[in-house]
Amino acid sequence: MGNIEDKPIGGYFSWELPKVAHRFPNDDGTLVNSGHGALELIVNSLGDLRKVFVPYYTCDIVTCTLRRCGVEYEFYHINADFEFDSLPALGESEYLIYTNYFGIKDKYVAELAGRYGRKLIVDNAQALFAKPIDGCHTIYSPRKFVGVADGGMAFMPMRDKNRQLPLSTSYGIASHLLKRLDGHVTEGYVDFKDDDTTLRNEPCKWMSLMTERHLRSLDYEVIKQIRMDNFIYLHERLKGGSKLSFMKTIDVTGFECPMVYPYYTNDLSLRKKLIDNKVFVAQYWPNVLDWCKPGDEEYALCQCLLPLPIDQRYGSEDMERIVKLIKNE
């Protein structure tokens, strides 16, 4: 902090976020500018790392980050339960990245942690509320749950408290947030893609001051409850038609908080139908179609899985609208 004599007095106003001190999920981790920044920090802290096993079913930012860090990686397959058919044996200096898919695989993460310990890197980018497991490396990405321009958290068994990083600034990548707030959703989406590309190319930095301030201004108990309520609403209406067998019997008390509701369908026209009706569903992840071949489970997941929105902006009426579109009611 600068001297009091250097503090500007007067002039124009900043955006006045509430001056509160709310905790946000996992804010006791190392606060950085992105989920891939958190992965970069972890990888660079592992002096004995030789190779990392990476799921085919993941965003290509993972492999891009590993390449940027000069780390060798090898892909592995998952099954339709988002799990291993058989657990891999890790050699000396080898690590495993596992994704907590859609924030609903908390129990399986705990099983893997019991097997691999510090050799497990948990990708909790889709599981903001899931707690880190002692002894494991873990990354988070709050941008997938709330409207912030940057942000990530890293947990490492051997925390590097002396790491020197530049401070991220988020004013240059926040235009999509401001445009959507003003009702310009389409224009904001163009900016969102540009802003996301800019952040994607940023190396690891400390989390921006604006993002940390914003994250500390939100009521996460309300956010969590709404997400769970919406997930359960969709589950009760859609579980019978899901092609994911484990979703028919999933225990909704077995995870902290989901990011989306994963609905698997063989109707490849349904995604377009939802988008045409302004229910925007992403595709996780288009790069998988290049990495895998038809017949691979991941190839089918990329094409057939619809991540239905359940976030805190919506309620039961919105969920019912989604259900009716899917069921043609």
Which heavy-atom pair separates [X] from [Y] by the least distance, and what is that distance?
| X | Y | result |
| --- | --- | --- |
| A149 | L199 | O-CD2, 3.7 Å |
| L177 | V148 | CD1-C, 3.7 Å |
| Y98 | F84 | CD1-CE1, 4.3 Å |
| C302 | Y57 | N-CE1, 4.1 Å |
| I104 | P258 | CG2-CB, 4.0 Å |

Within the structure provided, determine whether [X] and [Y] are in side-chain contact (heavy-atom separation under 4.5 Å).
| X | Y | result |
| --- | --- | --- |
| R67 | Y73 | yes |
| V32 | M153 | no |
| K293 | Y299 | no |

(request) Start with the C-alpha distance between D229 and Q225, add both sets of side-chain angles, then the distance that settles side-chain contact (heavy atoms from CB on, under 4.5 Å), and finish with yes or no. (result) CA-CA 6 Å; D229 288 347; Q225 188 61 58; 2.8 Å; yes
(message) When you measure from the centre of the six-membered ring of Y116, is the NZ or CZ of K119 closer than 6.0 Å and no more than 45° off the axis?
(response)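 Verdict for Y116: no cation-pi partner in K119.
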(request) Please confirm whether K131 makes a cation-pi placement over F155, using NZ or CZ under 6.0 Å from the six-membered ring centre and within 45° of the ring normal. (result)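 Ring-cation test returns no.
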Find the distance between [atom1] ([X]) and [atom2] ([Y]) and round it off to the nearest 0.5 Å.
| X | Y | atom1 | atom2 | value |
| --- | --- | --- | --- | --- |
| S168 | W206 | OG | CH2 | 12.0 Å |
| L41 | M156 | CG | CE | 4.0 Å |
| S316 | R237 | OG | CZ | 11.0 Å |
| D195 | I173 | CG | CD1 | 6.5 Å |
| T169 | K205 | OG1 | NZ | 6.0 Å |

(request) Quickly, which of K107, K224, R227 forms a salt bridge (charged side-chain N to carboxylate O under 4.0 Å, His left out) with E256? Name it, please. (result)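 Of all the options given, the one that passes is K224.
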(message) Using modelled atom types and a 3.5 Å cut-off, is there a donor and acceptor pairing between side-chain atoms of Q126 and backbone atoms of F102?
(response)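 Here the side-chain-to-backbone pair exists.
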(request) Could you go through the side-chain contact (heavy atoms from CB on, under 4.5 Å) check for L218 and F24 one step at a time? (result) CA-CA 8 Å; L218 303 174; F24 60 86; over 6 Å; no
(message) Test of understanding: with side chain to side chain contact (heavy atoms under 4.5 Å, CB included), list the residues that count as partners of R271, not counting sequence neighbours.
(response)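 Result, side chain to side chain contact (heavy atoms under 4.5 Å, CB included) vs R271: I275, V281, Q283, L306, P307.
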(message) Would R200 and C64 count as a side-chain contact (heavy atoms from CB on, under 4.5 Å) here? Give the steps.
(response) CA-CA 10 Å; R200 180 187 178 94; C64 288; 3.8 Å; yes
(request) Could you please spell out the steps behind the ring pair (Phe, Tyr, Trp, His ring centres under 6.0 Å) verdict for Y140 and F129? (result) CA-CA 9 Å; Y140 294 91; F129 291 83; 9.8 Å; no
Decide if atom [atom1] of [X] counts as having more than 12 heavy atoms of other residues, nucleotides or ligands within a radius under 6.0 Å.
| X | atom1 | value |
| --- | --- | --- |
| K243 | NZ | no |
| K248 | NZ | yes |
| K278 | NZ | no |
| D134 | CG | no |

(request) Answer with yes or no after comparing the ring centroid distance for Y56 and F75 against a 6.0 Å cut-off, counting only values under it. (result)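 Between Y56 and F75, the centre distance is under 6.0 Å.
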(request) Hey, can you tell me if F246 and F82 have their rings parallel, tilted or perpendicular (30° and 60° cut-offs)? (result)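 Perpendicular: the ring planes of F246 and F82 meet at over 60°.
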(message) Check this for me: does any side-chain nitrogen of one of K105 and E83 sit under 4.0 Å from a carboxylate oxygen of the other?
(response)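 Counted as a salt bridge, because a side-chain N and a carboxylate O are separated by less than 4.0 Å.
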(request) Could you walk me through whether V146 and Q312 pass side-chain contact (heavy atoms from CB on, under 4.5 Å), step by step? (result) CA-CA 9 Å; V146 295; Q312 58 273 11; 3.7 Å; yes
